[in-house]
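Chain naming here is simple, since letters A, B, ... match the order of the sequence lines and numbering starts at 1 in each. As a basis for the values below, the full set of heavy atoms in this structure was taken, side chains included, without hydrogen atoms, waters or symmetry mates.
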2 protein chains.
Amino acid sequence: MVSAPDRPMETSNPLSEDELRKIDAYWRACNYLAVGMIYLRENPLLKESLKPSDVKHRLLGHWGSSPGLSFIYIHLNRLIKKYDLDMIYLAGPGHGAPGVLGPVYLEGTYSEIYPNISEDAEGMQKFFKQFSFPGGIGSHCTPETPGSIHEGGELGYSLSHAYGSVFDNPGLISVCVVGDGEAETGALATAWHSNKFLNPIRDGAVLPVLHLNGYKIANPTILSRISHEELEALFKGYGYKPYFVEGCDPALMHQKMADILETAISEIKAIQAEARSTGIAKRPLWPMIVLRSPKGWTGPTEVNGHKVEGFWRSHQVPMADVTTNPTHLKLLEDWMRSYKPEELFDANGRLIPELKDLAPKGTKRMSASPHANGGVLRKDLRLSDFRDYGVPVEYPGKSEVENTNPLGKFLRDVMRNNLQNFRVFGPDETASNRLNAIYEVSKKTWMGDFLPEDLDGSELATDGRVMEILSEHTLEGWLEGYLLTGRHGFFHTYEAFAHVIDSMFNQHAKWLDICRNEVSWRSPISSLNILLSSTVWRQDHNGFSHQDPGFLDVVTNKSASVTRIYLPPDANCLLSVADHCLKSTNYINVIVADKQKHLQFLTMDEAIKHCTKGIGIWEWASSDDCGKDPDIPDVIMAGCGDVATMESLAATAILREEIPDLKVRFVNVVDLFKLQPDTEHPHGLSDRDFDSLFTTDKPIIFNFHGYPWLIHKLAYRRKNHANMHVRGYKEKGNINTPLELAINNQVDRFNLVIDVIDRVPKLGSAAAYVRERMKNAIIENVNYAHEHGIDKDEIVDWKWPF
Amino acid sequence: MVSAPDRPMETSNPLSEDELRKIDAYWRACNYLAVGMIYLRENPLLKESLKPSDVKHRLLGHWGSSPGLSFIYIHLNRLIKKYDLDMIYLAGPGHGAPGVLGPVYLEGTYSEIYPNISEDAEGMQKFFKQFSFPGGIGSHCTPETPGSIHEGGELGYSLSHAYGSVFDNPGLISVCVVGDGEAETGALATAWHSNKFLNPIRDGAVLPVLHLNGYKIANPTILSRISHEELEALFKGYGYKPYFVEGCDPALMHQKMADILETAISEIKAIQAEARSTGIAKRPLWPMIVLRSPKGWTGPTEVNGHKVEGFWRSHQVPMADVTTNPTHLKLLEDWMRSYKPEELFDANGRLIPELKDLAPKGTKRMSASPHANGGVLRKDLRLSDFRDYGVPVEYPGKSEVENTNPLGKFLRDVMRNNLQNFRVFGPDETASNRLNAIYEVSKKTWMGDFLPEDLDGSELATDGRVMEILSEHTLEGWLEGYLLTGRHGFFHTYEAFAHVIDSMFNQHAKWLDICRNEVSWRSPISSLNILLSSTVWRQDHNGFSHQDPGFLDVVTNKSASVTRIYLPPDANCLLSVADHCLKSTNYINVIVADKQKHLQFLTMDEAIKHCTKGIGIWEWASSDDCGKDPDIPDVIMAGCGDVATMESLAATAILREEIPDLKVRFVNVVDLFKLQPDTEHPHGLSDRDFDSLFTTDKPIIFNFHGYPWLIHKLAYRRKNHANMHVRGYKEKGNINTPLELAINNQVDRFNLVIDVIDRVPKLGSAAAYVRERMKNAIIENVNYAHEHGIDKDEIVDWKWPF
């Protein structure tokens, strides 16, 4: 038990004696199941005394937070029934899955989805054995867990997921249990502020329950070891009205929890009723609950003279040696029998009817809520024709456009047509990333205070649909929660700082991978669409710290079944790619496109064709016969990414002028995974197709947006790989001009020409002269930049189409 | 100005009229310089009217937070002088460098370090021009900035850096300005809790100043738009005593700031005096300050009818068109003249003596503090002989040891011998990672409440030196701050969740790269040592979410001059590597070693030799002539990483038994960058050395700890790369046994044998039979795992040395 004294509270006792008896019995059933999952492979109902052979060889699982999790769960059940609520449950302490799986099984959902795990002794035995067992299920609320939208394998994201789930879900209450360990993470610490973005008219509610069980693996938690006054102040400071349920005596705690939950739900309903009846959306003090209960509650008080219940020693498996230590085996049996399974389950192992009756029915069960299998609620977006937003391209390289600007107009109309189920997310950069057309339709969500000057362009509104907070974690978490509950979204962020959410990306990719390939009952959800803008090549002025195209390297480590990467070279290609991504499901689509002005190359029709193929020869920039005979070109110039493509084209133009006999083939890559073999990625080119583009023996000068070695990582199996010379960002940046930054990393036109001259054999003395001129051009341009602080205006004549 | 009214305060007016006049003049000089940096390339003293040609072509920089930053800076100067304090200054709003560079220049440090930027008109002109200019300096507090240990290019880390800097620095006060934008990030939101780890006896103090200027790029900030009551509660909840300095009238604000700063410093000194005189370390309520001042304070009130001062429109450059808009050019000139430069600088452009006198002298200047150039204070660690901690190895593969356990003992004695300047950092996993021997010498720092049961193994102490909080961000930030101020540390964390700090790693690597290669006055600091433990191959039981070896992929994107990666195969190698890392400077050393029991291979002498080379043939496991004739082996088996090496060795043993004629060479890689060419990384092998190990034409079966394609990324230029077949983690995991997880990803012994058989030509029908047996062994072992939940005990006989 916790050492803090039971805090005196003026609670009513809302539960009748019979209700109390039943809810406690139900909780005992949950706890019995939790212990069973951790320990048993046989003898699920303890029909006989426990034998070592009943116990799993390897004991895995986390008892510590399980009783608290089921305690909360079943008290929610009571209110769901009483008020006919729509609720889902997010377990932040992910390792506490036994505390969730127990009630999910008891309310029947588990057996409905997995008929093999039936509601009887046989099913219970399988249910126990499969837990954290090879070939079975994990010890977190993995995708296999009915009702889960949050695995909790990595800590920190429960609260932002919860908020994401209730945006535009006015009827939903998402209850989010935040572990006090998890509460120490950065992502969680800032997610509390999500209440400044929740509109009580339009959105549902989150009821956070801070589960203060006091300990992590082997340490106390910070929030459990500060004064009550500080704790209360903290949550008031975060903008909540905190309620405390503290103690260890189950009977008292049931009454307290029932009372406080009743209060919290009433407040939520009152807040919503007032806002919805008056039409006035202001930020209320939403209730939140601090549940201070013992870690490993109801488990062994002491083992080997060491305190266990209410201490970190109950974090995982309280006694790990039960198969070899008969005393501990007996202790386990006594512990399990203390829940009186014979009173809870009938002879066949089915929960007795009077307890069965405590759970909600059908889709009111949190484990069967369609919101937690969002794909079933998902509706396709109503999309305008993206072609209508295209920019005119008279001929390649004639005009310049901010590539993300037309996308902003397209997204504006996506927003306009989907005002119930589409949001845009970005860290204070929607305007900076040139997507500000969106504001014509919907402003930024803002439930903080307003000032008069906000009317002058701040674009704030309580009913805005653009989500901006300076926390990539929170944005990503919101969006994931929004998608997992069946909606659509678009996230744009600074390329370099996408690394802030590397680990969140990893976890979401793993979640999707399992859903796609192993959990057939989960319907596909909308893809997670991430636009990386303010890219490395236009961070010349912000300097080295803002230059990092490495998020793609992280993406390419994840399963090919869920990852897609696009680097559209111009505005029309970006539109075509974005349209495709918004229609797709179950992927993470990463799009790289800079916000600044860039040359335009393809008409909309050409862009569509090119993006559909994902890779192709640009005939108008080539001087070979464009693939009719694969051996004809002397060199292949390839570009992938907006700036990389432009520089590569410029080099091609110089070569055309200076070495007119040279046969150059120009290849552009939009869909990065085209470079991988088709055996590795569904988008991969066959070797035959790859070879016909890149030949099997000609030099390839590949100009890449990101770190150059990523291309080798993808293409190392290709026949002509040895001739592939890749340029890209190699950590050579400071305060530069755009061209200077390109030169420092050798992705610029001049260095690319030199690369060609150095790699194509027998070019002769004229080429040597060109090489010299390129060298001089580099020096000249850097000197100009250092003198004037800008690049020279006209560096090369665009000579397309040839 | 901010719209919030000046809050009435019962302040005394600590500044005399003369002091007020002078400090305001000094501030005007700072602001003048800040505007000059952003705009001017000529005419620094406005000796003539501004012409368009005086202005930079490209206007870059952030005016918004600059005046507030210099306001704080110069008020600190007053107290440094008054109380002879040792202070450093961390500017969280990194883009506000003009607000820091100004006072740094005025106090003379800049010119001392960069004589070319002298304290006269010529120097000032260069000082202005170089700012955010190609070939010049950045707009953040980059390593080039005297006194900076925090660039602020990426937001979120200022406060953890500040706390790291004062641990074991009892005389230091680190003032940390937290921008209200930055305050929204996760890393920052949890770093406030660092006060639960600060011991007033042994450590210095952090004085956080939340700079509430109200706006980010184009948005209000959350903390500026909640009620005063909530804001105050939040910081009380975080455990601080908040003081508010709010307003916009400079004269009033100077008095308030002087008063509150005086109070805050007095409280810090009183807290420290009491703790140090009584010897009782308890957590006090440390003061912190909320400075609510207008964004772009003292800048243009309005431009084109839009509010600018006190609004987001002053975030960057208030008027960007001054070269083409004469009205705006005039506005700029008026703005600059409003600071009355002629009263501040003499005819030569030097700050007048009475103002000069306001700054501290020598190393008391925050810009000249040795703490901010920690290398000058750094002393080598006193290290025991790591050989003494080695484990006996009778013959390779005989015994098993938890690899990190001996390291724990070594670190214990490092701790014992360096109780002033060494700390260990990890998220609640020191014991879990088997480093718990450290607790024999020093416990976990804990300044939260204590409970009686903590005596039973919680290992907490107010003077502990092991830092544990469940926030990788905070740990990494603390450690960086600790290293940057001249001390030593060791960070260990779960491999998968190292991705949480990808972006912090990136930023620190960039900082080091610049320091090493471009900032000669910065002395080398201790390397950042990161141990990745609880690695992917032993996360079989925690499941998919805990399996991610991709941190290495992020590391390999950064500059070769600062990155080192080691994968020691056993305990003795780990000791040798760790000793090397602890002695090194200016690197980020990443060590990958699992905590669980693993076979031991090398005696300490062998381990030292092997780790010194970084890569080598293990003759005892090879059946070729070990490199005397590079063409002799039929196949090269390579292992990199503990589990990968073990499985590769096991495969070698099977091959030895089953196909005795096969000549196998076994290569182990400890130092991952050996695989890169020496032209790419200083540790890289020459092609000649690489070829002599790996041959130029024999199949290589390379078993790697991480994602397999990383090896191709490093080795793609090698002659025999086409024959390199790499196995590694490929996202095939769930709840498994260790062997099953290996099998799923084909890094297991059986699949490796199959790889050999499939790749070595002409092995004949006996090999085909072996292949079949391997297939069966795979099925058999997976079935066994699914049945019993564990791996079969003895899978293969170890047959070394051959």
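Between chain B and the residues A:G733, A:G153, A:G181, A:G152, the largest count of heavy-atom pairs under 4.5 Å involves A:G153. Options A:D502, A:T430, A:T185, A:N557 differ in how many heavy-atom pairs under 4.5 Å they form with chain B, and the most are formed by A:N557. Top candidate by heavy-atom pairs under 4.5 Å with chain A, chosen from B:A189, B:S559, B:S503, is B:S503. Annotation: maximal heavy-atom pairing with chain A below 4.5 Å, among B:R41, B:K730, B:K56, occurs at B:R41. Note on B:M724, B:M504, B:R717, B:K129: by heavy-atom pairs under 4.5 Å with chain A, the leading option is B:K129. Put simply, of A:L234, A:V500, A:I790, the one with the most heavy-atom pairs under 4.5 Å next to chain B is A:L234. Interface check for chain B: of the options A:L285, A:L460, A:L188, the most heavy-atom pairs under 4.5 Å are formed by A:L460. Of the residues considered (B:N542, B:L231, B:T142), B:N542 shows the highest number of contacts with chain A, using heavy-atom pairs under 4.5 Å. Of the listed residues (B:I222, B:I711, B:N736), the greatest number of heavy-atom pairs within a distance under 4.5 Å of chain A belongs to B:I222. By number of non-hydrogen pairs under 4.5 angstrom with chain B, the leading residue of A:H95, A:K732, A:R313 is A:R313. Counting heavy-atom pairs under 4.5 Å between each of B:H541, B:E459, B:E429 and chain A puts B:H541 at the top. Among the candidates A:E468, A:K444, A:E151, the residue making the largest number of heavy-atom pairs closer than 4.5 Å to chain B is A:K444.
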Next item on the list: Take A:H473 and B:H473 through the side-chain contact (heavy atoms from CB on, under 4.5 Å) test and state the conclusion after the steps.
Entry: CA-CA 12 Å; A:H473 288 116; B:H473 289 115; 3.6 Å; yes
Next item on the list: Carefully, step by step, assess A:E154 and B:S545 under the rule side chain to side chain donor-acceptor pair (under 3.5 Å).
Entry: CA-CA 7 Å; A:E154 182 173 316; B:S545 63; over 6 Å; no
Check: B:H140 and A:H546: ring pair (Phe, Tyr, Trp, His ring centres under 6.0 Å), yes or no, with the steps?
Finding: CA-CA 11 Å; B:H140 307 91; A:H546 284 48; 4.9 Å; yes
Next item on the list: Verify side-chain contact (heavy atoms from CB on, under 4.5 Å) between B:L470 and A:E182, making sure each step is shown before the conclusion.
Entry: CA-CA 7 Å; B:L470 216 162; A:E182 180 182 26; over 6 Å; no
Next item on the list: Could you walk me through whether B:N734 and A:E518 pass side-chain contact (heavy atoms from CB on, under 4.5 Å), step by step?
Entry: CA-CA 11 Å; B:N734 206 315; A:E518 297 181 31; 3.3 Å; yes
Notebook entry, point to check: Passes side-chain contact (heavy atoms from CB on, under 4.5 Å), B:F133 versus A:T737? Steps please.
Noted result: CA-CA 8 Å; B:F133 197 87; A:T737 62; over 6 Å; no
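B:D454 and A:K307 are not joined by a salt bridge, as no carboxylate oxygen comes within less than 4.0 angstrom of a charged side-chain nitrogen. Contact check on A:R283 versus B:E230 returns a salt bridge, with a Lys/Arg side-chain nitrogen under 4.0 Å from an Asp/Glu carboxylate oxygen. The residues B:K236 and A:E232 are annotated as not salt-bridged, no charged nitrogen and carboxylate oxygen being separated by less than 4.0 angstrom. Salt bridge status for A:D540 with B:R58: present, with a side-chain N to carboxylate O gap under 4.0 Å. Salt-bridge check for A:K558 with B:D548: passed, with a basic side-chain N closer than 4.0 Å to an acidic carboxylate O.
Under the 4.5 Å side-chain criterion, counting only non-hydrogen atoms from C-beta, A:L710 is not in contact with B:K713. Using a 4.5 Å heavy-atom cutoff, the side chains of B:E184 and A:T474 are not in contact. Side-chain contact check for B:Q547 versus A:K510: some heavy-atom pair is nearer than 4.5 Å. With contacts defined as side-chain heavy-atom distances shorter than 4.5 Å, the pair A:F544/B:D513 qualifies.
Neither the backbone nor the side chain of B:F505 comes within contact range of chain A; no heavy atom of the residue lies under 4.5 Å from a heavy atom of that chain. Heavy atoms of B:Y215 lying under 4.5 Å from chain A belong exclusively to its side chain. Contact of B:Y238 with chain A is made through backbone and side chain together, with heavy-atom distances under 4.5 Å. For B:L223, the part lying near chain A is the side chain, with the backbone staying farther off; criterion is any non-hydrogen pair under 4.5 Å. For B:A218, the parts lying near chain A are the backbone and the side chain together; criterion is any non-hydrogen pair under 4.5 Å. Looking at B:E472, there are no atoms closer than 4.5 Å to chain A (heavy atoms on both sides), in backbone or side chain. For B:A496, the part sitting under 4.5 Å from any heavy atom of chain A is the backbone (N, CA, C, O) and nothing else. Contact annotation for B:D428: both backbone and side-chain heavy atoms come within less than 4.5 Å of a heavy atom of chain A. Heavy atoms of B:Q539 lying under 4.5 Å from chain A are absent altogether. Contact annotation for B:F551: neither backbone nor side-chain heavy atoms come within less than 4.5 Å of a heavy atom of chain A. Only the side chain of B:V554 has a heavy atom closer than 4.5 Å to any heavy atom of chain A.
In terms of heavy atoms, A:W312 sits closest to B:S458 at NE1-OG, 2.8 Å. Contact detail for A:F311 and B:D456: the closest heavy-atom pair is CE2-O, 3.6 Å.
With hydrogens and angles left out, the side-chain atoms of A:N219 and B:W446 include no donor and acceptor closer than 3.5 Å.
Between A:I217 atom CD1 and B:S432 atom OG the span is 5.0 Å, to the nearest 0.5 Å.
Between B:Y716 and A:H712, the ring-plane angle classifies as parallel under the 30° and 60° cut-offs.
The backbone N or O of B:G448 lies less than 3.5 Å from no partner atom in the side chain of A:R225, so there is not a single donor-acceptor pair.
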